[in-house]
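These notes concern the structure reproduced below.
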Amino acid sequence: MSRLSNASGTDDAPALVRFGDDLRVDDNPALTAAAESGRPVVALFVLDDGTGRPPGGAARWWLHHGLAAVRDDLAALGIPLVLRKGAADLVVPGVAASLGAGLVTWNHRADPAAQETEARLAEALRADGRQPRRFLADRLFAPGEVQTGAGRPFRVFTPFWRAAMALPPPHRPKPVPQGTRAPADVPAGEALESLGLVPVAPDWAGGIAAQWRPGAGEAARRLAAFLDDGLAGYAERRDDVGVDATSCLSPYLRFGHLSPRRLFHAVRDRAGADGLGADGAKFIAELGWREFCRELLDQFPALHEEPIDHRFAAFQWRDDPVGLAAWQQGRTGIPLVDAAMRCLWQTGFIHNRARMVAASFLVKHLMIDWRAGERWFWDTLVDADVASNPASWQWVAGCGADAAPFIRIFNPVRQGERFDPAGRYVRRFVPELAGLPDSFIHRPWEAPSDVLRTAGVRLGETYPRPVIDLDEGRKRALAAFEDIRRGE
DNA sequence: AGCTAGTTGGG
DNA sequence: CCAACTAGC
């Protein structure tokens with residue numbers, strides 16, 4: 001006992017930095033505070049599947065490699081990373097005790113359950129005579145900072161973002177700390193491999209590994225490439241699903257390899273210097289959606305389970321396991337939807353526009369509960385975010401705060417012809433349709449038989465017929481929504 | 001961050 | 001024939 005109180009009372013008692021969704025050394029305020037204390041520093045990551053929403057399969061693959069990356073980045077600063085498993089409010093105080101830590105820092109997490117645990121954790125640390133400190137690294141603005149004139153949270157994105165952009169800009173990112181050192185004794189941890197984050201057999205992650213390299217170094221490379229090649233024309237090209245015109249930075253934000261403030265200022269500085277005001281504003285507004293989703297999660301902690309719009313509690317979603325499986329596996333017979341869902345399975349990612357179309361098809365045309373889609377995305381997306389994923393599904397389903405009304409139903413053929421006019425996206429992920437001409441690539445069921453024959457397509461054999469007639473599905477959804485609207 | 005059906009005005 | 005525009009879902 002005396003050892004603990006002595007240790008935490010001296011300046012040379014080590015600082016412990018708990019990592020979470022902030023796998024970076026750049027603009028990491030918890031790390032910077034530990035470094036600036038002048039104490040030796042140890043980093044800790046606790047895999048705690050009992051607190052909050054455990055990451056899905058694709059995110060666990062990313063986490064494995066992201067931890068390896070941040071371990072290397074920390075090692076370059078002379079800081080060891082200790083890996084542990086278990087309940088964070090028990091494990092962190094235990095590690096802090098064996099280290100004799102004085103200062104214990106971490107960055108705020110978006111998951112409401114994690115925040116509850118962290119409140120208990122802070123209590124436990126204080127009771128042990130240590131100094132817990134929490135920082136905000138995951139947001140541009142503090143929770144609740146963006147308010148209506150009446151001091152209430154916004155429920156609609158556009159006024160939210162207008163008010164946010166009228167505030168002083170988020171403060172500048174912090175540089176990588178200098179002069180850090182490790183203590184003589186570092187508590188034992190687990191080997192990364194023993195956390196069991198990556199699939200062994202079958203290894204379904206090959207396509208993901210081919211597409212992505214987790215880590216802050218790759219995030220910085222992608223950001224630089226986007227600023228050089230992607231920002232100019234972003235506003236106009238971002239919806240083209242067949243062209244790689246988006247930044248693909250979402251998983252790097254999800255795991256905190258890239259700080260939102262670093263990204264905000266990098267884009268704003270470049271857009272200002274290069275006269276790309278509209279492109280910069282459009283891109284930064286996407287960060288604004290991420291911010292808005294976090295505000296929603298703060299207000300609605302059950303965001304992935306409960307519709308914000310209570311009218312939808314009574315909505316009769318269809319129980320359709322066959323339709324759900326067809327959607328998940330990319331064999332609905334609707335080319336753009338199937339391309340999106342196969343892209344998801346292969347790469348852990350879907351372009352924003354294709355995401356909306358695929359999600360809309362499940363919720364509107366198949367009338368399957370948005371929560372089933374949300375769970376599938378949660379398990380398969382490398383960027384599955386505790387706030388953005390459920391909030392966006394509620395938006396698509398029309399039951400969210402700032403929801404597109406339920407009656408806004410995407411037509412996947414029309415969307416395909418507008419945003420993938422050359423069929424590049426469909427041909428890449430649905431190769432059995434590649435031989436079709438552009439005029440039928442998004443509607444093979446309307447192609448004349450000689451066109452199908454020439455393309456080597458046999459509907460119902462080489463590629464499915466639509467699981468539902470689009471017009472019929474649209475009318476059914478509208479009718480069901482009318483029932484709700486009348487009953488409200 | 002929609003779609004459809006219907007209208008109008010121009011070739 | 002089409003593009004542009006609108007109301008209503």
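Here is how names work: the chains are called A, B, and so on, in the same order as the sequence lines, proteins then strands, and each is numbered from 1.
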Can you measure [X] atom [atom1] to [N] atom [atom2] for me and round it to whole angstrom units?
X: H365(A); N: dT4(B); atom1: NE2; atom2: P; result: 8 Å
X: I409(A); N: dA5(B); atom1: CD1; atom2: C1'; result: 15 Å
X: D469(A); N: dC3(B); atom1: CG; atom2: C1'; result: 15 Å
X: N352(A); N: dG2(B); atom1: CG; atom2: P; result: 11 Å
X: M356(A); N: dC3(B); atom1: CE; atom2: C1'; result: 15 Å

Before we go on, tell me: are the rings of [X] and [Y] under 6.0 Å apart, centre to centre?
X: F406(A); Y: F315(A); value: yes
X: W327(A); Y: F361(A); value: no
X: Y425(A); Y: F419(A); value: no
X: F292(A); Y: W395(A); value: no

Tell me whether [X] is salt-bridged to [Y], with the criterion being a basic N under 4.0 Å from an acidic carboxylate O.
X: E432(A); Y: R342(A); answer: yes
X: R139(A); Y: E145(A); answer: no
X: E218(A); Y: R221(A); answer: yes

Once you apply a heavy-atom cut-off of 4.0 Å, does D239(A) come out as touching a base, just sugar-phosphate, or nothing?
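If one applies the 4.0 Å heavy-atom cut-off, D239(A) turns out to touch nothing in the nucleic acid.
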Report each atom pair, protein N/O against N/O of nucleotides 3-9 of chain C, whose distance is under 3.5 angstrom.
none

With a 4.0 Å heavy-atom cut-off, tell me which residues in residues 414-425 of chain A come close to DNA chain B, sorted by residue number.
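Within residues 414-425 of chain A, the residues near DNA chain B are R414(A), Q415(A), R418(A).
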Among D22(A), D138(A), D21(A), which residue meets the side chain to side chain donor-acceptor pair (under 3.5 Å) test with N107(A)?
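Exactly one pass, corresponding to D22(A).
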